[in-house]
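Here is the structure we will look at, set down as structure tokens.
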Number of protein chains: 2
Amino acid sequence: MTLGHKKGTTMPDTDRCPDCSRINEVLSRVGDRWSVLVVISLSRYGVQRFNALKKNLGISQRMLSLTLKQLERDGLISRTYHPTIPPKVEYALTPLGEEFRAPVTALGHWALDNLRAIDAARDVYDAALEEARE
Amino acid sequence: MTLGHKKGTTMPDTDRCPDCSRINEVLSRVGDRWSVLVVISLSRYGVQRFNALKKNLGISQRMLSLTLKQLERDGLISRTYHPTIPPKVEYALTPLGEEFRAPVTALGHWALDNLRAIDAARDVYDAALEEARE
DNA sequence: CGGTATCCTTACGGATACTG
DNA sequence: CAGTATCCGTAAGGATACCG
């Protein structure tokens with residue numbers, strides 16, 4: 001697949017983007033906000049325990065639990081249980097998760113770099129709307 | 001910010017990742033599945049009309065309309081209205097949208113490349129669960 | 001500590017019908 | 001063609017309480 005834009009390429013609008021549905025499928029699994037943030041956090045700080053992630057991300061216990069389970073099921077993170085008292089569970093990126101780091105951190109960087117630009121664009125847009133209303 | 005993982009870095013678990021909330025904020029705007037797919041489609045095929053995008057992505061009219069409006073508001077895409085009969089509206093990436101292309105296509109590529117790996121991981125996980133159930 | 005279970009509210013998102 | 005408006009079912013996600 002070539003995601004890059006080619007000047008001469010015209011969309012055959014009789015057909016639908018064959019890859020979009022597949023990309024959609026994957027994104028619907030590991031592309032949600034919490035999954036992305038968990039991976040970013042594990043990328044940044046390495047192995048982390050349940051409550052560390054929880055505090056770190058400001059995520060509810062319920063959502064973290066669900067997100068971690070899905071990520072483990074999808075093979076992106078590993079869960080290591082230490083049967084001590086009190087118990088200790090550590091989460092880390094698997095090799096597949098490590099591969100996910102590059103695109104996900106790229107996304108994170110872009111988000112941080114362009115937060116202001118987006119806010120500015122919003123202000124302009126909203127102001128123009130306000131203008132038109134009168 | 002350094003999203004890259006550094007071996008010695010320990011998460012100060014008294015504090016929460018300051019950037020995570022900001023990344024979260026951005027992702028909650030332009031990180032949803034439809035937004036990502038619209039950007040991917042515009043990246044790939046360039047300028048497109050409303051119905052082309054609709055057929056292309058297999059998205060409902062309502063969601064496309066909402067998604068496009070938000071992306072325009074956030075400054076990622078431009079909307080050009082041609083008052084012909086019938087009317088013609090063209091959507092394209094803005095410079096800010098163009099910058100979004102790199103991380104988003106990286107994500108798209110990864111998604112396509114690892115769809116199978118994820119499916120395989122799932123099968124293993126589910127099989128192990130089945131095993132444990134007995 | 002690291003979860004599950006339950007409840008409840010909001011947001012997502014499709015289907016359909018209508019408009020300039 | 002390119003939307004908007006309405007309805008309605010489902011899923012996301014927080015709050016709380018409880019368990020091993």
Side-chain angles (χ1 to χ4, degrees), chain A residues 11 13-14 16 20-21 24-25 27-38 41-42 47-74 77-92 125 129 132-133, chain B residues 11 13-14 16 20-21 24-25 27-38 41-42 47-74 77-92 125 129 132-133:
Chain A
M11 179 63 200
D13 59 15
T14 50
R16 20 152 66 222
C20 286
S21 61
N24 192 1
E25 223 183 298
L27 291 184
S28 68
R29 304 181 191 187
V30 296
D32 65 283
R33 245 181 359 285
W34 291 131
S35 295
V36 168
L37 287 173
V38 165
S41 188
L42 290 178
V47 177
Q48 274 174 91
R49 301 177 62 175
F50 187 89
N51 277 322
L53 280 167
K54 185 168 174 300
K55 277 194 289 190
N56 188 359
L57 299 178
I59 184 179
S60 71
Q61 196 170 22
R62 182 183 126 88
M63 286 315 295
L64 179 57
S65 178
L66 289 174
T67 302
L68 289 172
K69 216 185 300 180
Q70 283 192 79
L71 286 174
E72 191 196 353
R73 183 173 180 233
D74 287 336
I77 66 173
S78 63
R79 194 191 104 113
T80 313
Y81 176 72
H82 302 279
T84 54
I85 296 181
K88 176 176 173 183
V89 181
E90 293 183 317
Y91 292 93
Y125 185 93
L129 256 191
R133 193 166 315 216
Chain B
M11 180 63 199
D13 59 15
T14 52
R16 18 146 74 218
C20 286
S21 63
N24 191 3
E25 225 183 298
L27 291 183
S28 68
R29 305 180 190 190
V30 298
D32 65 282
R33 240 172 13 274
W34 290 131
S35 295
V36 169
L37 287 173
V38 165
S41 188
L42 289 178
V47 178
Q48 276 173 90
R49 301 176 62 175
F50 186 89
N51 277 321
L53 281 168
K54 184 168 173 301
K55 275 194 288 188
N56 189 359
L57 299 178
I59 185 180
S60 72
Q61 196 169 23
R62 180 184 130 87
M63 287 314 295
L64 180 57
S65 178
L66 291 173
T67 302
L68 289 172
K69 218 185 297 178
Q70 284 193 77
L71 286 174
E72 192 196 354
R73 184 172 179 232
D74 288 333
I77 66 172
S78 65
R79 193 191 103 114
T80 313
Y81 176 74
H82 303 277
T84 54
I85 297 181
K88 174 176 173 180
V89 181
E90 292 182 318
Y91 292 93
Y125 185 93
L129 256 190
R133 193 166 313 215

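Convention: sequence-line order gives letters A, B, ...; per-chain numbering from 1. The shown structure was predicted, so the numbers you read here are calculated from the model rather than taken from an experiment.
- One finds no side-chain N or O of B:Tyr91 lying less than 4.0 angstrom from the OP1 or OP2 phosphate oxygen of D:dC1.
- Atom CD in B:Glu90 sits roughly 14 Å away from atom P in D:dC1 (whole-Å rounding).
- Atom pair B:Asp32:CG and C:dG14:P shows a separation of 12 Å (rounding to whole Å applied).
- Of all nucleotides listed (D:dG3, D:dC1, C:dG14), C:dG14 comes nearest to the side chain of B:Ser60.
- Side-chain nitrogen and oxygen atoms of A:Ser65 include at least one within less than 4.0 Å of the OP1 or OP2 phosphate oxygen of C:dT4.
- The shortest distance between the side-chain N/O atoms of B:Arg62 and the OP1/OP2 oxygens of C:dA15 is not below 4.0 Å.
- One atom, CE of B:Met63, and another, C1' of D:dA2, lie 17 Å apart when rounded to the nearest Å.
- Residue order along DNA chain D, read from the 5' end via each residue's closest nucleotide, puts A:Trp34 first among A:Trp34 and A:Pro87.
- Phosphate contact (OP1/OP2 of D:dG13, side-chain N/O of A:Arg33, threshold under 4.0 Å): present.
- The interatomic distance linking B:Leu57 (CG) with C:dG14 (P) rounds to 11 Å, in whole Å.
- The nearest whole Å value for the distance from the CD atom in B:Gln61 to the C1' atom in C:dT16 is 10 Å.
- Of all non-hydrogen atoms in A:Ala92 and A:Val47, the two that sit nearest each other are CB-CG2, 3.8 Å.
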How far apart are the C-alpha atoms of B:Gln48 and B:Glu90, what are their side-chain angles, what is the distance that settles it, and do they pass the side-chain contact (heavy atoms from CB on, under 4.5 Å) test?
CA-CA 6 Å; B:Gln48 276 173 90; B:Glu90 292 182 318; over 6 Å; no
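- Here the CD1 atom belonging to A:Ile77 is positioned 8.0 Å from the CG atom belonging to A:Leu53, to the nearest 0.5 angstrom.
- Taking atom NE2 on B:His82 and atom C1' on C:dG20, their separation rounds to 18 Å, with Å as the unit.
- Of the N and O atoms on the side chains of B:Asp32 and B:Ser35, at least one donor lies less than 3.5 Å from an acceptor on the other residue.
- Remark: B:Lys69 is in phosphate contact with D:dT4, judged by side-chain N or O atoms under 4.0 Å from OP1 or OP2.
- B:Thr67 places a side-chain N or O within donor-acceptor distance of the main-chain N or O of B:Met63, the cut-off being under 3.5 Å.
- Summarising the geometry, the separation between CZ on A:Phe50 and P on C:dG3 is reported as 5 Å, rounded to the nearest angstrom.
- A straight line from CZ of B:Arg49 to P of D:dG3 spans 10 Å, rounded to a whole angstrom.
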